[in-house]
Every structure is written in C-alpha cells, then in structure tokens.
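Notes for the one structure printed next.
Just so you know, these numbers use all the heavy atoms, side chains as well, and skip hydrogens, waters and symmetry mates. All chains are named by letter (A, B, ...) in the order of the sequence lines, taking the proteins before the strands, and each is independently numbered beginning at 1.
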Protein chains: 2
Amino acid sequence: MHRCHEHAHCIEDAIAAADRICTERGLRFTGLRRRVLELVWENHGSAKAYDLLDKLGGDYSAKPPTVYRALEFLQENGLVHKISSLNAYVGCSHPLEHSNCYFLICKKCNEVQECCAGTVAETLQDLANSNNFKPEQMTLEIEGVCSACQAGN
Amino acid sequence: MHRCHEHAHCIEDAIAAADRICTERGLRFTGLRRRVLELVWENHGSAKAYDLLDKLGGDYSAKPPTVYRALEFLQENGLVHKISSLNAYVGCSHPLEHSNCYFLICKKCNEVQECCAGTVAETLQDLANSNNFKPEQMTLEIEGVCSACQAGN
DNA sequence: TTTAATATGTTATAATGTAACTTCTTTCAC
DNA sequence: GTGAAAGAAGTTACATTATAACATATTAAA
C-alpha cells in the first residue's frame, strides 16, 4: 500500500530528478538505469537486488551484474540508498539535498522513510569528537512501527 | 595490532562475562560457543563468519550452520553484535549494560569501537517522536578514521 | 532412567554479490 | 562522417554470506 496520494507521481518525480542530475553531471541515464530506478520506486518499501532482476525479466537479458551495476551507478549518484540491515535498496526521496540521512523502517508495512535532520548530524559529530574519531560515512537504520501502522492501518 | 594493554585480558574478560551471564540465565555456554566467542575476540576488528569457520578447523567438524548457530546464540544474549555494513561480527565490550549502542569502524586499522551514549538514545527518541515512529531496533555504524590512525600509527 | 529439551552434525541449497573478459554503443577528435 | 577511445552492457563463472531440513548426540528434568 502506498500512503502517498498518487504513487505514479513519486516514480515520475524520481525519474525526472535523476534525469536532471545525470544531465547536469554529464552522465548517461540509460534505459537500463532508468528501468531499475523505476522498479526500485515501485513502492515505498525496499527492493532486493534479485527481485529487481526478476522484474527486469526478458528485457536487458538481465543477469546479476546487470542489476548490481545499475544499482551501483544509482547509489554513486545519490539516487538510491542501500539499507545494510536488510540487504536491500530504496529510492532516494530527495537526491543531492543531504549528506547524513537515516531510515525509519516499518516492520509491519515494510515502508522505509528517509529522513535528514540536522540534529542527527550534530549529534554524530559530537560523538565523533568525543572519541576523536573522524567520521566519513554513516549507516543509521531504525526499525520499528510507523505511525500509520500504530494507528492500526 | 591491539591497542589494549594486554589483549589476552580482553578475551579472558569476555569469556568470564559470558560465562557469568549464561549461568545467570540458565543457558549452556558450550565448548563450541566459547570457542567461537574467543575467536571473535581474537582482535578488536570484526570477524567474518567464514573466517571463524576456517579457524574452527577440524574441531567441531565445523560447517556453516555450526558457526552461524553459535553466533546467533551469542547475539541473542548480547555477547556479540553484527555489523550490518560489513557482514561481520564483533564481541560486545560491555554485555547487558546497554541497549542502544553504536560502532565506530576505522577503515585504516579495521578496529571497531563499541560505544553507548545517552545522547544518542535521546536523539533517536526525538527523531522517532518527531516522525511518530515507534523504534524497536537501531543500527548505527560510523565508518571513518580512529584517533590512533589519524595520529599516524 | 526414560523422556523431553537443547545442541550439534550433516547435507543440500538459497541468497547476495563480484571478477574478468567480450561485445556493443556513444562520444569526440580529426 | 570515420575511427579511436571511453563507457555501458552482455556473459560466464564463481565467491561470499546465510539458511532449511532432517539426523544424531548430549544434557536436564521428571
């Protein structure tokens, strides 16, 4: 179930943003990459690589490297994120507009909400400072129950 | 390289703590489980399941389920943690004394430092509240360069 | 001391991910 | 436009990580 008003818009918006970013950067937003991004965005849950592979089906004579390479490209350009704790991928809901983002993963409906909050970045920096640690990359994934599911939907 | 004074103590302490916890809980801290925990503690980096398997070697006629089951037991009882972003495992440095802990992973020396800070828990709760999300489990892994490696060790 | 519970052994396979090389397509200098 | 170079995708093979399912052994408890 999608909790957005009209999920087709989510997909369209994501593709449009990707198109724009790739153009700006002189990157090739090929048919395959576009298709994989669409598939990732089929819903607001996370997508497993091999499920994407299945969905690609006959097109693109897809084999594992096909989908992993597309995902790698999309990740490098901030268009999808990997959720390490699930070995799965989600579309980025606001590409380029953040650095440290985190994920709220609902165990009931499986939707994943991407969030960015300055407070997290600050807290992290504090943590790092207090340990004299120079942070470069953060993985923050919170599993629980989303507001809609708590309400019994 | 270990940055502790005498690494044997780290292992001994971890085993002693595990022993105590298992006794308290009426759980069986079997030879296999003890051995796997020792191996996880061989250093302060993270251990991969199949490396543990190799190290078990002839003993215990080890096959994948052997080590995964031991790791599962150790995880359930808070004696080791899985580092999702590395698909690897680290010994818990203060079992039972925390709930929300996070990990500082040095990409140079590969050591993993486990931390618990009230501020993180609070920040998380704030995040969750602001999203009306009921958190149950957190994965927070920060990769970067530890203080010793920054100093050029 | 039998029974039940728990742990481990064993086989097989599932799921996730990558290396290395080939072929195709696009770009760009000429 | 053409040919060379770069980049993307195809292809084969395999590496890594993890689990299911059932058999056997060990321990704890009645």
Side-chain angles (χ1 to χ4, degrees), chain A residues 18-19 21-40 45-77 79-90 110 139 141, chain B residues 18-19 21-40 45-77 79-90 110 139 141:
Chain A
D19 224 336
I21 286 165
C22 289
T23 300
E24 282 169 12
R25 298 187 174 180
L27 300 169
R28 300 189 203 159
F29 193 44
T30 63
L32 173 63
R33 289 165 176 175
R34 175 184 305 258
R35 185 77 191 107
V36 169
L37 186 56
E38 283 169 1
L39 291 173
V40 166
S46 58
K48 309 284 279 178
Y50 275 72
D51 290 344
L52 296 172
L53 187 52
D54 286 345
K55 287 179 183 164
L56 278 174
D59 315 342
Y60 303 103
S61 72
K63 300 204 172 44
T66 309
V67 70
Y68 280 105
R69 282 195 290 228
L71 287 170
E72 184 184 29
F73 171 88
L74 296 169
Q75 280 183 268
E76 281 169 352
N77 293 290
L79 301 168
V80 308
H81 298 288
K82 177 167 185 174
I83 306 295
S84 290
S85 60
L86 300 177
N87 291 326
Y89 305 82
V90 291
N110 297 313
T139 300
E141 300 164 7
Chain B
D19 224 336
I21 287 165
C22 289
T23 300
E24 282 169 14
R25 297 188 176 180
L27 300 169
R28 300 188 203 161
F29 193 43
T30 63
L32 172 63
R33 289 165 176 175
R34 174 184 305 258
R35 184 79 191 107
V36 169
L37 186 57
E38 283 170 1
L39 290 173
V40 166
S46 59
K48 309 284 279 181
Y50 275 73
D51 291 342
L52 296 172
L53 187 52
D54 286 344
K55 288 176 182 164
L56 278 176
D59 315 342
Y60 304 103
S61 74
K63 300 201 174 45
T66 309
V67 69
Y68 281 104
R69 282 194 290 225
L71 287 170
E72 184 184 29
F73 171 86
L74 296 169
Q75 281 183 267
E76 280 169 353
N77 293 289
L79 302 169
V80 308
H81 298 289
K82 176 166 186 177
I83 307 295
S84 290
S85 59
L86 301 176
N87 291 325
Y89 304 82
V90 292
N110 297 313
T139 300
E141 300 165 7

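Between A/R33 and D/dA8 there is a side-chain polar atom (N or O) within less than 4.0 angstrom of OP1 or OP2. In this model, the phosphate group of C/dT25 is not approached by any side-chain N or O of A/T30 to a distance below 4.0 Å at OP1 or OP2. Side-chain nitrogen and oxygen atoms of B/K48 include at least one within less than 4.0 Å of the OP1 or OP2 phosphate oxygen of D/dT17. Checking the phosphate oxygens (OP1, OP2) of D/dT17, no side-chain nitrogen or oxygen of A/N87 falls inside 4.0 Å.
When each of B/R28 and B/Y50 is assigned the nucleotide of DNA chain D with its nearest heavy atom, B/Y50 is the one assigned upstream, toward the 5' end.
Rounded to whole Å, atom C1' of D/dT17 lies 13 Å from atom CG of B/L52. Here D/dT27 presents its P atom at 16 Å from CG of B/L27, a figure rounded to the nearest Å. Between A/Q75 atom CD and C/dG17 atom P the separation is 10 Å, expressed in whole Å. The nearest whole Å value for the distance from the CG atom in B/L56 to the P atom in C/dT8 is 11 Å. For B/E72 and D/dT19, the CD to C1' distance is 10 Å, given to the nearest whole Å. Rounded to whole angstrom, the span from the CZ atom of B/F73 across to the P atom of C/dA5 amounts to 19 Å. Rounding to whole angstrom units, CG of residue A/L74 and C1' of D/dA8 are separated by 13 Å. At whole-Å resolution of the value, CG in B/L32 and C1' in C/dT6 are 13 Å apart.
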Item to check | Worked check of side chain to side chain contact (heavy atoms under 4.5 Å, CB included) between B/R28 and B/C22 | outcome: CA-CA 6 Å; B/R28 300 188 203 161; B/C22 289; over 6 Å; no
Next on the checklist: Before you tell me yes or no, could you show the steps for B/L37 and B/R34 under side chain to side chain contact (heavy atoms under 4.5 Å, CB included), namely the whole-Å CA-CA distance, both residues' side-chain angles and the distance that decides it to 0.1 Å?
Outcome noted: CA-CA 5 Å; B/L37 186 57; B/R34 174 184 305 258; 5.8 Å; no
Checklist entry - So A/V90 and A/K82, side chain to side chain contact (heavy atoms under 4.5 Å, CB included) or not? Walk me through it. => result CA-CA 6 Å; A/V90 291; A/K82 177 167 185 174; over 6 Å; no
Checklist entry - Going through the distances and angles, do A/L32 and A/L56 end up as a side chain to side chain contact (heavy atoms under 4.5 Å, CB included)? => result CA-CA 9 Å; A/L32 173 63; A/L56 278 174; 4.1 Å; yes
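Of the residues in residues 63-71 of chain B, those with a non-hydrogen atom less than 4.0 angstrom from any atom of DNA chain C are B/K63, B/P65, B/T66, B/R69.
Atoms CD1 and CG, on B/I21 and B/L27 in that order, are 10.0 Å from each other to the nearest 0.5 Å.
The backbone N or O of B/S85 lies less than 3.5 Å from a partner atom in the side chain of B/E141, making a donor-acceptor pair.
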What pairs of donor and acceptor atoms, side-chain ones from residues 68-76 of chain B against any protein atom, are under 3.5 angstrom apart with sequence neighbours left out?
none

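Of the listed nucleotides (C/dG17, D/dA18, D/dA9), C/dG17 has the atom at the smallest distance from the side chain of A/K82.
Residue-level contact check: B/F29 touches neither bases nor backbone, having no heavy atom under 4.0 Å from any strand.
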